[in-house]
Student: 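There's a structure below that I have some questions on.
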2 protein chains.
Amino acid sequence: MNIGEIARRAGVSRSTVSYALSGRRSVSPETKQRIQAVIDEIGYRPNAAARALKEGRTRTLGLVIPPASLRLTDMQLGFVASVVEAAARADLDVLLSPSGGDHDRSFERIVSGRRVDGVLLMEIRLEDERVGRLRQAGLPFVTIGHTADPHGTSWIDVDYAGLVARCVHHLADLGHRTIALLNRSPELLAAGYGPAHRAQAGFAEAVRQRGLSGIELPCADDPAAGEEWLEQLREHHPDVTAVTTVNEAAMPGLQRGIERLGVAVPGELSIAGVAARHWAEGFRPQLTAADVPALEMGSHAVELLLERIATPTHPHRHLLLAPPISLRDSTGPARPD
Amino acid sequence: MNIGEIARRAGVSRSTVSYALSGRRSVSPETKQRIQAVIDEIGYRPNAAARALKEGRTRTLGLVIPPASLRLTDMQLGFVASVVEAAARADLDVLLSPSGGDHDRSFERIVSGRRVDGVLLMEIRLEDERVGRLRQAGLPFVTIGHTADPHGTSWIDVDYAGLVARCVHHLADLGHRTIALLNRSPELLAAGYGPAHRAQAGFAEAVRQRGLSGIELPCADDPAAGEEWLEQLREHHPDVTAVTTVNEAAMPGLQRGIERLGVAVPGELSIAGVAARHWAEGFRPQLTAADVPALEMGSHAVELLLERIATPTHPHRHLLLAPPISLRDSTGPARPD
DNA sequence: AGCGGTAGTCGAATCGATTCGGAGTCGGCC
DNA sequence: GGCCGACTCCGAATCGATTCGACTACCGCT
């Protein structure tokens, strides 16, 4: 079931079969038809390895994901799925590599074995050695999130700073004067995780601009912590009338806390945040939030990467996504003091 | 940076380099060392495509996932991650293919392009044409879940029937006489989705055995539906004192309903189910449940597949996982009528 | 001394595709 | 009639590895 077999059955040479398939040289309609008939009968497809060897490209993209031990967030999951679909639309396959920062075998195999034409790097850290490795290998890549030096690479990211700021402004417009930030876990913050840092920065800046008082109370990335967080907030900061959240994982706990403590939302407490749409809509009351466009991000990332593969010398492009805030039911005027 | 370059720099022939690397023939310690030095300096790795072409194997596994449009469940996600890690441990890469039942390009490319050495098929349906396609292509595969004819294939699955039955028995032991099943969505049931069917069958059988009355109330796979489901249950089946659930996606809604309606668990209503551990532990009160071992399933599936790749003629093996029920806080004695 | 065996190395074939150079045929045009 | 170009097609080289057969050198044994 190789090209030679097709050629034999169609009574032509191998090169003719190849040209008939690729269309790079003209082949008479009759032979083309004869070849196609044989192919349809046998169900032939060119061997991917042979083609990759000759052409020097694999028609495969590498997607470097965080290791399974760190549970993927819902948003990351959506991103992976959308990358795979976007790649499939371009007739490309996706090779997965679980990699925790330190160079590991899987990552090395993909990069130096030239198994892929380009790489998407998820969960990038501010200083990330994998970037250097890819650059050295001359492999096109796009990062999801950006590094300390944003100019040397192509990346796509969510504008957490801007989105959190928008939330704060929205809440301030409603008359709230004391706002709390429910950020990602202190561990991530300490590890230099970009989104957590930028959320913090955006919050601080917006609070300053509007002359509000901003409360930052640390919270781990899980439901139990979210519930606990709300209790702490009620106890130690009773004057807080609004919350901005970027912590999806803590939301179920937040929800539970609201129900259990009988907090009226938005009557007593307004909540605005950054979350995937289905999280926001699944919340009660439905959450006013900037809907993180995980699915769009996947296809944008693939697009960016394809562009780099096609023209590696092009200047780098950056996409900072700032989806609008969808007004739902969790924000309202501040309660009078 | 190919093997010829290494050979030239080390002053030996290409074959010697290859033998030094593979160890299939003896190479003198001195030349071996010289070759290794060159390799370390250049950072050489054999080209994956060339090797795949010659060896006839790609050192890659294919993982066929449901398309992104159907949101992956938490358990499926965990499974994907664990497959990737298990494969990485065996120095194998994983190629993703999103495929919704009907033969699509991505699936065809992987199969007939011989891009992988074996395939893991997720979300299999009772009648699944992909199985026939793989068999015809002579590609080893393992299915996650089993088809109508379970003997012709190797598969791994969760014993939903057994687990649901266990839940029912546990609840019956506690004195419950009227039990409801919170199954997967009617659409899945209609589509012949195995887990939903087997949950239903296991429930019916256990209920019959114990002479209980079993309630089946359909519920979609999302939080809002879960909340609605509980309302319906309370309204139309007030005599139900216990629930068995296999619907993870509906759980947040169930939780919310419990809080909002003020249902005492387990005082008024006992709940036992099948769910990933962190879902069960995230529930309030913590859920008595059979913890679906998504992470183990991944490595088991890879193991099974590697076995089939190594010895394709071996008789098929099947793994039906039935994890024990972990007693937590959501089940208790039936309330007296 | 002659012979067999082994360790170490090389050259060439091979995997299955793509692609370049060239060869043959045919028609049109001067 | 001869030449040029277009249209078809073929043969051979090539991509980068693995592997088989063969060759040399050296050792030990009779």
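Chain naming here is simple, since letters A, B, ... match the order of the sequence lines and numbering starts at 1 in each. Here the structure is a predicted model, which is why all the values come from computation and not from measurement.
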Student: Could you check whether A/Arg89 and A/Ser299, counting side-chain N and O atoms only, form a donor-acceptor pair closer than 3.5 Å?
Tutor: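 On atom types as modelled, these side chains do not qualify, holding no pair under 3.5 Å.
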
Student: What integer distance in Å separates B/Arg59:CZ from D/dA17:C1'?
Tutor: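 Nearest whole value for this atom pair: 11 Å.
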
Student: I need the CG-C1' distance between A/Asn47 and D/dA17, as an integer number of Å.
Tutor: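 Value for this atom pair: 14 Å.
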
Student: Write down the distance between CD (A/Glu55) and P (C/dA17), rounded to a whole number of angstrom.
Tutor: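 A/Glu55 atom CD is separated from C/dA17 atom P by 12 Å.
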
Student: Distance from B/Leu306 atom CG to B/Leu61 atom CG, nearest 0.5 Å?
Tutor: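 Output value for this atom pair is 6.0 Å.
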
Student: Measure from CE on A/Met1 to C1' on C/dC15 and round the result to the nearest Å.
Tutor: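 Taking atom C1' of C/dC15 as the reference, CE of A/Met1 is at 14 Å.
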
Student: Taking atom P of C/dT18 as reference, at what distance in whole Å does atom CD1 of A/Ile35 sit?
Tutor: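 Rounding to the nearest Å, CD1 of A/Ile35 and P of C/dT18 are 12 Å apart.
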
Student: From NZ of B/Lys54 over to C1' of C/dC15, roughly how many Å is that when rounded to an integer?
Tutor: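 It is 6 Å, rounded to the nearest whole Å.
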
Student: According to a strict under-4.0 Å criterion, is A/Asn2 in side-chain N/O contact with OP1 or OP2 of C/dG16?
Tutor: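 Checking A/Asn2 against C/dG16: at least one side-chain N or O falls below 4.0 Å of OP1 or OP2.
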
Student: Quick one: A/Arg45 CZ to C/dG16 P, roughly how many Å, whole number?
Tutor: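 To the nearest whole Å, that distance equals 18 Å.
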
Student: Do A/Arg59 and A/Asp91 sit within salt-bridge range, that is, some charged N less than 4.0 Å from a carboxylate O?
Tutor: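 No, no charged N to carboxylate O under 4.0 Å.
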
Student: Testing the 3.5 Å rule here: is there a donor-acceptor pair between the side chains of B/Glu187 and B/Tyr193?
Tutor: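 B/Tyr193 and B/Glu187 do not have a side-chain donor-acceptor pair below 3.5 Å.
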
Student: How do B/Glu30 and B/Ala50 order along DNA chain C: which one's closest nucleotide is nearer the 5' end?
Tutor: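 Going by which nucleotide is closer to the 5' end, it is B/Glu30.
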
Student: Under 4.0 Å from any atom of DNA chain D, heavy atoms only: list the residues of residues 4-26 of chain B that qualify, in numerical order.
Tutor: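 Per residue number, the list reads B/Arg14, B/Ser15, B/Ser18, B/Tyr19, B/Arg24, B/Arg25.
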
Student: Using only atom types and a distance under 3.5 Å, with no angle test, would you say the side chain of A/Ser82 pairs donor to acceptor with the backbone of A/Phe79?
Tutor: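 Yes; judged by distance alone, with no hydrogens or angles, the pair exists.
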
Student: Quickly work out the B/Arg57 CZ to D/dA17 C1' distance and round it to whole Å.
Tutor: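 It works out to 13 Å between those atoms.
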
Student: Is there a side-chain contact between A/Asp93 and A/Leu95, using heavy atoms and a 4.5 Å cut-off?
Tutor: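 Contact flag for A/Asp93/A/Leu95 side chains = no.
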
